[in-house]
Each structure stands twice: as structure tokens, then as C-alpha cells.
Amino acid sequence: MSFKIIKENGSARLGVMETVHGVIKTPVFMNVGTIAAIKGAVSALDLEEIGCQVELSNTYHLHLRPGDKIVKTMGGLHKFMNWKRPILTDSGGFQVFSLSGMRKISEEGVVFSSHIDGRKIFMGPEESMQIQSNLASTIAMAFDECVENPATYEYAKNSMERTVRWLRRCKAEMARLNSLPDTINKKQLLFGINQGATFRDLRIENMKMTREMDLDGYAIGGLAVGEPAEVMYDIIEAVEPYMPKDKPRYLMGVGTPENILEAVYRGVDFFDCVMPSRNARHGHLFTEDGIMHILNAKFETDDRPIDESCSCPACRNFSRAYIRHLFKAKEMLAMRLCVLHNLYFYNKMMENIRLALEEDRYEAFYKEKTKKYTQRV
RNA sequence: GUGGGUAUAGCUCAGUUGGUUAGAGCGCCAGAUUGUGGCUCUGGAGGCCGUCGGUUCGAAUCCGACUAUCCACC
């Protein structure tokens, strides 16, 4: 693995990361396909067309179904879903806390009940690494605890320290797994995750300990969980000076186009978010002219595409009126077209961000786009 | 034509022994959604209670006629 910064505009960075599954140009948005498929009937075949560089899948979900051992038997995630480019697997830490009603956390790990059938499952740092090794993703995420917002200082501190101990165990386990003969991807990379809730000192303390471990990348987790956006930006600014310059930075689960523009400005390279795909399934679309609700009555006889400046499969072929009709009729094609559009928009936005960085005009670019992307169509 | 049933929101229907500004679900209109349970949540608009008349302090509710509609039988 190598990561190179090609250009800097203030804190914002234009970079290139080389992996065993190909090159990733940063800043990048990773397209979320939790269960090895993008929701909305979107396959790996479509991902190329909408400009996806990295696909993101989930340890927790794939462990429960079909089971990581089955994926390994099938030759790993890449072969299983027919996607040759980089894949990042989320560790499952977030899902353990967001999806399972019942869970018990200890130093060893977490006991939780499956959201599918309720059976009890244990997952700790070693289990998460083993699952991700079986999935054979390009990048594995460390197993962490995502603390709820708001959190008390004491809880956030204890949890953050435990996350660091878990990270050490993740690193050791990955080294062991990558040296085994039957491991599919022996060059699997590991990103650590910064925690500490909304407390600047905890975030910084955590980052100092995390960077000691010399990881392949550094993520900021536990944000965009209900705190105001200004708090999120403030935490990024607090942590950024302590993150290694020569390694990729990943802001987990973020966010709106505005959030991404602001975070790139503050030095973040990787993003992922369910927002473009989930909102697409509910008719909430992102366009160059702002946010559009395709279900609004005013689009009933609108013959124009969703976004007249867009070249996605939906905009090249279909009208607002037609897509609105598909939604009203609960036709799956409506979701598919809208998911394709929103992901195309996000990937194109990242491409435009990289172009602006290349041309040393990011600051003006992001201010102009932030204004446009937050208005309504 | 005869007998019986029904008539309340765009649709399907609740509505206590008659008692304030008549409700629900769906639909419609609008908003939310941030390391995904194809969800879920939050607001809003919308009714001359088929029509006319009667009983009553008071009628969606009781009575009569009419109209529409459904079922059965001629």
C-alpha cells in the first residue's frame, strides 16, 4: 500500500492510494453496499457506470447472512459480488450498537442479539478481524465502540480507552491472519478509528495513542450521531493536526454534500454515507441546483430529467414525471433509478472536488457549491 | 315490478341509550432521514353526515317521503 499527497489547498488534500485491488483517487466517497449489494437493485455492474471507486460492505451483516465462511468458500467478497476494485468492510462495531436492542459490552467484546432471528452472538476485536479476513476486503476497519450522543465525559473516556485496547488486539490479530497460508487477501489493510464523543481532549488523547500503532489509515468515528454540524467540524479541526499527514483520513458515516465539502476543507480524504442511497429510496434527490423531492406534486407533469446537467442513467433517459409516477406506483424501478442518480451525483461531486484541488481553487469551489447544494429545487 | 339492505373525508368504514368544534385506516399535500432492518417518524389539508320534511331544548343517530345504489325474487 502506498498513499501519496499530490496537492494541498490549505488543509484539503488531493491524493492517490494504491492497493492490491487498484488505485483510489482521494478525496473519495465510498458507495455503501452493506450486504454486498447496493439497496435498490443496484449491482456491481452498475457501480462502474456511476463512477464508484470503492464499495463498502458490512462485517456484521455479512457475518449473519450469508456467513463470512460461506463468502470465503465462494472465493471472497470480490469474487462473490463480482467487483474487482477496492472494498472497505466496516467492522460491525457500529451495528452492534445501532441495530441490536439487547447487547452487553465487556472488555472482551460485545454480546448482542441478531436483528434477523434474535440469537445471541459474540463479537470482539479478534472475531471482527477474522470475519473481515474471510471476506477478504481491501481495507478492514478496527472494531470500536460508537458512543451514543450525548455521552457523559466519564463514559466517553472509558469507552475511548477500551477502543484503543481493542485496536491493539485488532492489529495483532490481523498480523496473525495475514500470515496464514489460506488467507485470501494477505495484504489486507487496517484503519484505526478515533473516538471520544464530543470532547476535544479525549479525541486528541485518543488520536495520539492511535497514531502510535502505525496503521494504514485513520478514521474519525462517532460523529454525525445527532450533534450539531458545527460540533462535528470542531472535532475534526481538533483532531486533524494529530493525524499522520502521509496516511488517508476517513470520516465515517458522513454525510450531506455540505458536510463532505466542509470536511474535505478540513483535511479528510475518505467518506461513506447511506444518505444518497437511503434518501433516494424515499424520493429525496441531490442535484446541482439543490435538494429535490421527486414526490412533490409540482413534478407531476415535469418533462425534464431530475438534473439537466447530469449524465447518469436516470437523467439520460427518463423524466421527473415518469420517475414520480414510478414512486407513486411503488415500482422498484423508481428506487433503482433514484439510487443510481444520487450515487452518480456523489461520485461526480468528489470528482469535481478533486479537479478543484488539482487546479488550486478548492476554497472558492466549496463555498460556491455549499450554497447551491443546500437550496431547494 | 315486489321484498330487504346501504347512503358519514378522495377510498373503505367507525360513530355508545339522541348531548359541545363528527373520527380511524388508507390515499393526498409537506417535512425529517448521516460507519442502511427497502424502514420509520413528524406535521397539514379535506365532510351541508344522500335530499326534503317531521319529532325534540338538542338529530349523523328517531320517524316519513324522495333519490341513488346493492342483493334476492318475479
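Naming: A, B, ... by sequence-line order, numbering from 1 per chain. Remember, predicted model here, so these are calculated numbers, not experimental data.
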- Among residues 367-377 of chain A, which residues get a heavy atom nearer than 4.0 Å to RNA chain B? A:R376

- Task: Ignoring hydrogens and angles, state whether a donor on the side chain of A:Q132 or A:S137 is under 3.5 Å from an acceptor on the partner side chain.
- Result: no

- In whole Å, what is the span from the NE2 atom of A:H61 to the C1' atom of B:G35? 11 Å

- Message: In whole Å, I'd like the distance from the CD atom of A:E148 to the C1' atom of B:U34.
- Response: 16 Å

- Query: Expressed in whole Å, how much space separates the C1' atoms belonging to B:U61 and B:U8?
  - Reply: 11 Å

- Message: The test is salt bridge (Lys or Arg N to Asp or Glu O under 4.0 Å); show your working for A:D269 and A:R13 and say whether it passes.
- Response: CA-CA 7 Å; A:D269 311 302; A:R13 304 123 58 86; 2.9 Å; yes

- Task: May I have the distance from A:D269 (atom CG) to B:G35 (atom C1'), rounded to whole angstrom?
- Result: 17 Å

- Message: Checking one residue: A:L88. Which other hydrophobic residues are in its cluster under the side-chain 4.5 Å linking rule?
- Response: A:M1, A:F3, A:I5, A:M17, A:I24, A:V28, A:M30, A:V32, A:V54, A:L56, A:I139, A:M141, A:L189, A:F191, A:I193, A:Y250, A:M252, A:F270, A:V274

- Message: At less than 4.0 Å, is any side-chain N or O atom of A:N296 found next to OP1 or OP2 of B:G31? Yes or no.
- Response: yes

- Query: Taking for each residue the nucleotide of RNA chain B with the nearest heavy atom, is it A:E331 or A:D144 whose nucleotide lies nearer the 5' end?
  - Reply: A:D144

- Task: Indicate whether any N or O donor in one side chain lies under 3.5 Å from an N or O acceptor in the other, for A:N149 and A:E227.
- Result: no

Between side-chain atoms of residues 292-299 of chain A and protein atoms elsewhere (two or more places apart, or another chain), which donor-acceptor pairs fall under 3.5 Å?
{"residue": "A:H293", "atom": "ND1", "partner": "A:R376", "partner atom": "NH2", "Å": "3.4"}
{"residue": "A:H293", "atom": "NE2", "partner": "A:H284", "partner atom": "ND1", "Å": "3.2"}
{"residue": "A:K298", "atom": "NZ", "partner": "A:V377", "partner atom": "O", "Å": "3.1"}

Distances under 3.5 Å only, N/O to N/O: pair up the protein atoms with those of nucleotides 39-43 of chain B.
{"residue": "B:C39", "atom": "N4", "partner": "A:H282", "partner atom": "ND1", "Å": "3.4"}

- Item | Side chain of A:M275 (C-beta onward), nearest among B:G35, B:C29, B:U34 | B:U34

- Message: For the C1' atoms, the ones on B:G18 and on B:A60, what distance do you get once it is rounded to whole angstrom?
- Response: 10 Å

- Check: A:Y366 ring centre within less than 6.0 Å of A:Y373 ring centre: no

- Can you check whether A:K330 has a side-chain N or O nearer than 4.0 Å to OP1 or OP2 of B:C26? no

- What orientation do A:F286 and A:Y346 show, parallel under 30°, tilted 30 to 60°, or perpendicular over 60°? perpendicular

- Task: Run the numbers on A:F143 and A:F94 for ring-ring contact (aromatic ring centres under 6.0 Å, His included), then give the verdict.
- Result: CA-CA 9 Å; A:F143 187 74; A:F94 184 81; over 10 Å; no

- Message: What is the separation between atom NE2 on A:H284 and atom P on B:A30, rounded to the nearest whole Å?
- Response: 14 Å

- Query: How long is the line joining CD1 of A:I87 and C1' of B:G35, in whole Å?
  - Reply: 16 Å

- Message: Say we look at B:G1 and B:U17: how far apart would their P atoms be, to the nearest angstrom?
- Response: 37 Å

- Looking at RNA chain B, which of residues 205-227 of chain A put a heavy atom within less than 4.0 Å of it? A:G222, A:A224

- Item | Check: A:H21/A:T138 side-chain N/O donor and acceptor closer than 3.5 Å | yes

- Task: Would you mind checking if A:R200 and A:D234 are paired as a salt bridge, meaning a charged N to carboxylate O distance below 4.0 Å?
- Result: yes

- salt bridge (Lys or Arg N to Asp or Glu O under 4.0 Å) between A:K367 and A:E363: does it pass, once the steps are laid out? CA-CA 6 Å; A:K367 283 180 178 163; A:E363 186 157 356; 3.1 Å; yes

Exercise answer: donor-acceptor pairs, residues 310-320 of chain A side-chain atoms, under 3.5 Å, sequence neighbours excluded:
{"residue": "A:R316", "atom": "NH1", "partner": "A:S311", "partner atom": "O", "Å": "2.7"}
{"residue": "A:R316", "atom": "NH2", "partner": "A:E49", "partner atom": "OE2", "Å": "2.9"}
{"residue": "A:N317", "atom": "ND2", "partner": "A:P313", "partner atom": "O", "Å": "2.9"}
{"residue": "A:S319", "atom": "OG", "partner": "A:Y322", "partner atom": "N", "Å": "3.1"}
{"residue": "A:R320", "atom": "NE", "partner": "A:P305", "partner atom": "O", "Å": "2.9"}
{"residue": "A:R320", "atom": "NH1", "partner": "A:D302", "partner atom": "OD2", "Å": "2.9"}
{"residue": "A:R320", "atom": "NH2", "partner": "A:I306", "partner atom": "O", "Å": "3.2"}

- Message: Among residues 243-267 of chain A, which ones have heavy-atom contacts with RNA chain B below 4.0 Å?
- Response: A:M252, A:G253, A:V254, A:G255, A:T256, A:N259

- Message: Could you check whether A:E55 and A:S57, counting side-chain N and O atoms only, form a donor-acceptor pair closer than 3.5 Å?
- Response: yes

- Message: Does either side chain, that of A:S309 or that of A:D307, offer a donor lying less than 3.5 Å from an acceptor on the other one?
- Response: yes

- Message: Give me each pair satisfying side chain to side chain donor-acceptor pair (under 3.5 Å) with a member in residues 334-344 of chain A, each pair once, sequence neighbours excluded.
- Response: A:D46-A:R336

- Query: Rounded to whole angstroms, how far apart are CD1 on A:I139 and P on B:G35?
  - Reply: 18 Å

- Quick one: the side chain of A:Q195 and the base of B:G35, do they pair up donor-acceptor inside 3.5 Å? yes

Protein-nucleotides 10-12 of chain B N/O pairs closer than 3.5 Å?
none

- Touch class at under 4.0 angstrom, heavy-atom based, for A:D272 against every strand present: sugar-phosphate

- Task: Under 4.0 Å between any heavy atoms, over every strand shown, what does A:M332 touch: base, sugar-phosphate, or nothing? Just pick one.
- Result: base

- Task: Can you sort out the partners of A:C273 under side chain to side chain contact (heavy atoms under 4.5 Å, CB included), two or more places apart, ordered by chain and number?
- Result: A:F29, A:M275, A:P276

- Query: Hey, does the side-chain of A:N58 have a donor or acceptor N/O within less than 3.5 Å of a partner on the base of B:G35?
  - Reply: no

- Go through the steps for A:Q195 and A:N206 under the test side-chain hydrogen bond (donor to acceptor under 3.5 Å, both in side chains), then give the verdict. CA-CA 7 Å; A:Q195 292 289 353; A:N206 174 279; over 6 Å; no

- Query: Taking the same atom, P, in B:A22 and in B:G31, what whole-Å distance lies between them?
  - Reply: 30 Å

- Between A:I294 (CD1) and B:A30 (C1'), how many Å, whole number? 15 Å

- Query: How far does the P atom of B:A30 sit from the matching atom of B:U34, given to the nearest Å?
  - Reply: 22 Å

- Item | Base-paired stems in RNA chain B, each at least three Watson-Crick or G-U pairs under 3.5 Å | B:1-7 with B:67-73, B:10-13 with B:23-26, B:28-32 with B:40-44, B:50-54 with B:62-66

- Message: Is it true that A:E173 and A:Q130 share a donor-acceptor pair across their side chains at a distance under 3.5 Å?
- Response: yes

- Distance, C1' atom - from B:G50 to B:U67, rounded to whole angstrom: 8 Å

- Query: A:K328 side chain N/O closer than 4.0 Å to the phosphate oxygens (OP1, OP2) of B:C28?
  - Reply: yes

- Could you tell me whether A:K372 and A:E258 have a side-chain N and a carboxylate O separated by less than 4.0 Å? no

- Pairing residues for A:K208 by the side chain to side chain contact (heavy atoms under 4.5 Å, CB included) criterion, not counting sequence neighbours: A:I204, A:Y242

- Note on the structure: Taken to the nearest whole Å, CZ/A:R324 to C1'/B:A30 is 12 Å

- Task: Would you kindly say whether A:Y155 and A:E145 are connected by a side-chain donor-acceptor distance under 3.5 Å?
- Result: yes

